[in-house]
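Read the structure below first, then the notes.
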Amino acid sequence: MQEQKTKDIVKKYGFKFTKSLGQNFLTDDEVLKDIVDGANITKDDFIIEIGPGVGTLTRLLLDSAKKVCAVELDSSLIPILQEELNDFENFTLINEDALKIDFNKIIGDETSVKVVANLPYYVTTPIITKILIEGYKFKSLTIMIQKEVAERMASKPDCKDYGALSLLVQYYCDANIVRKVPPTAFIPQPKVDSIVIKLDKLNEPRVKVKDEKLFFMVIRSAFNMRRKTLWNALKVLKLDKEAYEQAFLNANIDPKRRGETLSIEEFANLSNEIYKKKNC
Ligand code: SAM
């Protein structure tokens, strides 16, 4: 049903898909329903949708939530969305780049904020990183993303997909996969499989760290040189040899281990010990 509706809208407005903007529009009714159900939306919720496209998911969100604010980069979609969603008084639309926007200006005094999106795949990781690191007061992010990226987010130590993105996401959130989605659920069809994942923001970050910047720097350095031992990979932090040895000893971590074997708690311990050595 939705497939024909989307085709009709595309034809009616003469809309031309822009591949470089990741424009794969979701047309599968069951997947659309699963996203809305998975996001657990109530009439108290303020929803931010990134990349509404022709408004298919937006319409369902508008039916379930208190308000929806959609951020769309492609100016040619703005008049389409304005006309197609004209009946909804709880809808606002912003024609901006989600990577550049200050979400606090949208959120204002809202207290129950949820992000729901079928994200453009070319900017998935930068958008999620921005939302997490800039500390916006959202409750959850329910997003459709490329399968490989979702697997990296949910991955655990010693798994091949475990890396800096797993630790960034799990530092701030619990990650739960809602469902898989095949390419046939979109027009045009992407070349990759997709996954809907829900990230529930924790009240406090998962581990206590003395310096978040240093914590993420230790993680990035450890995974930049994935095959190297931690001892070699973390030399970029430029601690003198004795302090460096002591930090590993105090954190109870063998420097011959590789970053991919460390749990988030171990990364926190190590970065806290490095912090102490750097600041004494
Ligand atoms: N939500 C629609 C759906 O599910 O059918 C469309 C999803 S489509 C995968 C991604 C949407 O994000 C497109 O409408 C695209 O124009 C928009 N987009 C791409 N880059 C963007 C950016 N940096 N900021 C905001 N929107 C963007």
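Because only heavy atoms are used, hydrogens play no part in the values below, and waters and symmetry mates are left out as well, while side chains stay in. Order of listing sets the numbers, starting from 1, for every ligand and every atom in it.
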Any Thr56 heavy atom less than 4.0 Å from ligand 1: no
Close N or O approach (Ile50, ligand 1; < 3.5 Å): no
All pairs passing ring pair (Phe, Tyr, Trp, His ring centres under 6.0 Å) where residues 186-214 contributes a residue, at least two apart: none
Salt bridge Asp174-Arg206, side-chain N to carboxylate O under 4.0 Å: yes
Atoms in ligand 1 with a heavy atom of Val71 nearer than 4.0 Å: 25 (C), 26 (N)
Whether Tyr122 lies under 4.0 Å from ligand 1, heavy atom: yes
Pair Glu273 + Lys276, salt bridge at N-O below 4.0 Å: yes
Per-atom contacts of ligand 1 with Leu26, taking only distances under 4.0 Å to non-hydrogen atoms: 3 (C), 4 (O), 5 (O)
Option of least heavy-atom distance to atom 3 (C) of ligand 1 (set: Ile94, Asn118, Val54, Val116): Asn118
Closest protein heavy atom (residue, atom, distance) for atom 18 (N) of ligand 1: Pro120 CG, 3.7 Å
Atoms in ligand 1 with a heavy atom of Asn24 nearer than 4.0 Å: 7 (C), 8 (S), 9 (C)
Subset of ligand 1 atoms that lie under 4.0 Å from at least one heavy atom of Glu49: 1 (N)
Contact check: Asp97 vs ligand 1, nitrogen or oxygen atoms, below 3.5 angstrom: yes
Pair Glu84 + Lys12, salt bridge at N-O below 4.0 Å: yes
Check: Val207 and Phe267 side chains under 4.5 Å, non-hydrogen atoms: no
Selection from Met144, Gln2, Glu72 by shortest heavy-atom distance to atom 16 (O) of ligand 1: Glu72
Option set Ala98, Gly22, Pro52, criterion heavy-atom distance to atom 24 (N) of ligand 1, minimum: Ala98
Whether Phe25 and Phe15 hold their rings parallel, tilted or perpendicular, with breakpoints at 30° and 60°: parallel
N/O separation below 3.5 Å, Leu77 to ligand 1: no
Subset of ligand 1 atoms that lie under 4.0 Å from at least one heavy atom of Glu96: 24 (N), 25 (C)
Member of Arg227, Arg226, Met225 meeting the side-chain contact (heavy atoms from CB on, under 4.5 Å) criterion with Arg258: Arg227
Gln23: numbered ligand 1 atoms lying under 4.0 Å from its heavy atoms: 13 (C), 15 (C), 16 (O)
Donor-acceptor contact below 3.5 Å, side chain Asn90 vs main chain Leu62: yes
Whether Phe216 and Tyr171 hold their rings parallel, tilted or perpendicular, with breakpoints at 30° and 60°: perpendicular
Taking atom 12 (O) of ligand 1 as the reference point, the nearest protein heavy atom with its distance: Gly51 CA, 3.2 Å
Lys67 and Glu89 ion-paired at < 4.0 Å: no
Passing option when Leu26 is tested against Ile187, Thr6, Leu57, Ile35 for side-chain contact (heavy atoms from CB on, under 4.5 Å): Ile35
Atom 19 (C) of ligand 1 - nearest protein heavy atom and its distance: Leu21 O, 3.2 Å
